[in-house]
Amino acid sequence: MDQDYERRLLRQINHQNLPTEARLSKVSLEGADSGSATCSPVSVKSGDRFIPTRAGSNWSINFHYANENCRSPNQNHKAKDASSDSSKGQKSTLEAVCYTVHSKRVPFDSDNEVSQYSLSPLSNKSHKLLRSPRKPTRKISKIPFKVLDAPELQDDFYLNLVDWSAGNLLSVGLGACVYLWSACTSQVTRLCDLSVDGDSVTSVCWNERGSLVAVGTHKGYVQIWDAAGGRKLISLEGHSARVGALAWNGEQLSSGSRDRVILQRDVRTPPSAERRLQGHRQEVCGLKWSPDHQHLASGGNDNKLLVWNSSSLLPVQQYSDHLAAVKAIAWSPHQHGLLASGGGTADRCLRFWNTLTGQALQSTDTGSQVCNLAWSKHANELVSTHGYSQNQILVWKYPSLTQVAKLTGHSYRVLYLAVSPDGEAIVTGAGDETLRFWNVFSKTRCIKESKSVLNLFTRIR
């Protein structure tokens, strides 16, 4: 651009930017120099008090200079070297005009767009995500935090000799005796001794409040004991063979026996008031009530998994996919109607069932005999204990069925399993006559299930 033309433009811009008083004084001085005695009044358009007028602004010239000066850095550098000291000051003024024009652009979205000065193709939101601290990975100790000796703990797949109460008391059937171990004080007390009657313990089970413990015997009796008082309240007859499975449902107690019968009795009523459920063809080795207290799941040595309701004497559902005895049974506390089961040595599979529709959901081969199952109270996970041939403890994430942890330490089949009342620790028992305590579950609560009508596990009230 011609330097003379550029100076004229700058002079015009500076003249327009001068304050009103300065221009008035300049006009009066020019009039005095011309020799006129009086000068005519100059009418100046002034803007509102708070909103300045822009009528005299020449925006075409401003934008022209903005385009001339917003060039590449190399071109600006060459222009600066060739200009004089006076032109440097003029160009700084033009650069200020260019900055003013660019500063009036519409601001961009700070989260989703990339800044014009950023060299990274990532948005600000992605940068914040990358800078955020990584969530600590969950680590499960592969070493038990406590080991207790359990002499005479039987190595029998069909028995259930360990249970953990809501009062933090652990009941263990050892030979003819039942012992109580306090997790708070580590004190051990003997609750009962059946050797006087020539009998032995085949199953133990606490009620929901943790005040009563039911004891199944080899001769077919079911005894109910007051744990605090250490006295027997009642002894129930009705089975002709050993009672290997027990399950409380409020004040009702269900018992499964080798005589293939399930008896349901209310401990508040006379012993004659009982319900007999007959559906298995061999020994009943697993019993579990659903969290809503409406359905009872039973597993037997006939490879059958049956589901009963509280009113019918016949099973409402029957699953026959397992190829071995079904002892491991667990209802999900997170999804209504979800039932998990595990098969014995010839099956080795974990299977999941939707009892609302009667459909099989998923299955996985664990590689060894499934002895017990238990769900986490806080997360959508479950733990399984195994026998032949690996004697391991596995923690699973549902529904992906990925293994979270694999714990080993028992030298015999891990036949017994119980969960602590806080839902964090488990205790396992085996024929090696040891009880091992593990921290496997976290306190993190799971996300509540969806209330969508498409969710098959949503209860309809």
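Computation of the quantities below employed the complete heavy-atom set of this structure, encompassing side-chain atoms and omitting hydrogens, waters and symmetry-equivalent molecules.
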> With sequence neighbours left out, what residues match D347 under side chain to side chain donor-acceptor pair (under 3.5 Å)?
Replying inline: H322

> Would a 4.5 Å heavy-atom cut-off, applied to side chains only, mark L212 and L233 as touching?
Replying inline: yes

> Residues in side chain to side chain contact (heavy atoms under 4.5 Å, CB included) with D155, at least two apart?
Replying inline: Y412, R413, L415

> Is there a donor-acceptor pair under 3.5 Å between the side chain of S411 and the backbone N or O of D432?
Replying inline: no

> Would you call R242 and E283 a salt bridge, taking side-chain N to carboxylate O under 4.0 Å as the test?
Replying inline: yes

>> With ring pair (Phe, Tyr, Trp, His ring centres under 6.0 Å) as the rule and sequence neighbours excluded, what pairs involving residues 243-284 come up?
In response: none

> Residues two or more places apart in sequence or in another chain: which of them pass ring-ring contact (aromatic ring centres under 6.0 Å, His included) with W375?
Replying inline: Y398

> Which residues satisfy the salt bridge (charged side-chain N to carboxylate O under 4.0 Å, His left out) test with K397, sequence neighbours excluded?
Replying inline: E381

>> Run the side chain to side chain contact (heavy atoms under 4.5 Å, CB included) test against S165 and tell me which residues pass, sequence neighbours left out.
In response: L169, W206

> With sequence neighbours left out, what residues match A360 under side chain to side chain contact (heavy atoms under 4.5 Å, CB included)?
Replying inline: D321, W353

> E152: what forms a side chain to side chain contact (heavy atoms under 4.5 Å, CB included) with it, not counting sequence neighbours?
Replying inline: none

>> Check this for me, if you would: do D266 and R268 make a salt bridge, where the nitrogen-to-carboxylate-oxygen distance has to be below 4.0 angstrom?
In response: yes

> Are any side-chain N or O atoms of N354 and backbone N or O atoms of L356, one a donor and one an acceptor, separated by less than 3.5 Å?
Replying inline: yes

>> Do the side chains of D365 and R348 get close enough for a salt bridge, i.e. N-O under 4.0 angstrom?
In response: yes

> S203: what forms a side chain to side chain donor-acceptor pair (under 3.5 Å) with it, not counting sequence neighbours?
Replying inline: none

>> Run the side chain to side chain contact (heavy atoms under 4.5 Å, CB included) test on Q278 and R260 for me, step by step, so that the C-alpha distance in whole Å, both residues' side-chain angles and the decisive distance to 0.1 Å come before the verdict.
In response: CA-CA 7 Å; Q278 295 179 324; R260 304 170 294 177; over 6 Å; no

> On the ring face of Y319, is K304 found with NZ or CZ under 6.0 Å from the centre and within 45° of the axis?
Replying inline: no

>> Can you pull out every ring pair (Phe, Tyr, Trp, His ring centres under 6.0 Å) where at least one residue sits in residues 159-192? Sequence neighbours excluded, please.
In response: W164-F437, W181-F437

>> Please enumerate all residues that pass side chain to side chain donor-acceptor pair (under 3.5 Å) together with N309, with sequence neighbours excluded.
In response: none

>> Any donor-acceptor pair under 3.5 Å linking the side-chain atoms of W289 with those of S254?
In response: yes

>> Would R209 and E251 count as a salt bridge (Lys or Arg N to Asp or Glu O under 4.0 Å) here? Give the steps.
In response: CA-CA 10 Å; R209 290 178 294 181; E251 301 297 333; 3.1 Å; yes

> To the nearest 0.5 Å, what is the distance between CG (N160) and CG (L287)?
Replying inline: 8.5 Å

> Can you name the side chain to side chain donor-acceptor pair (under 3.5 Å) partners of R275, sequence neighbours left out?
Replying inline: Q264

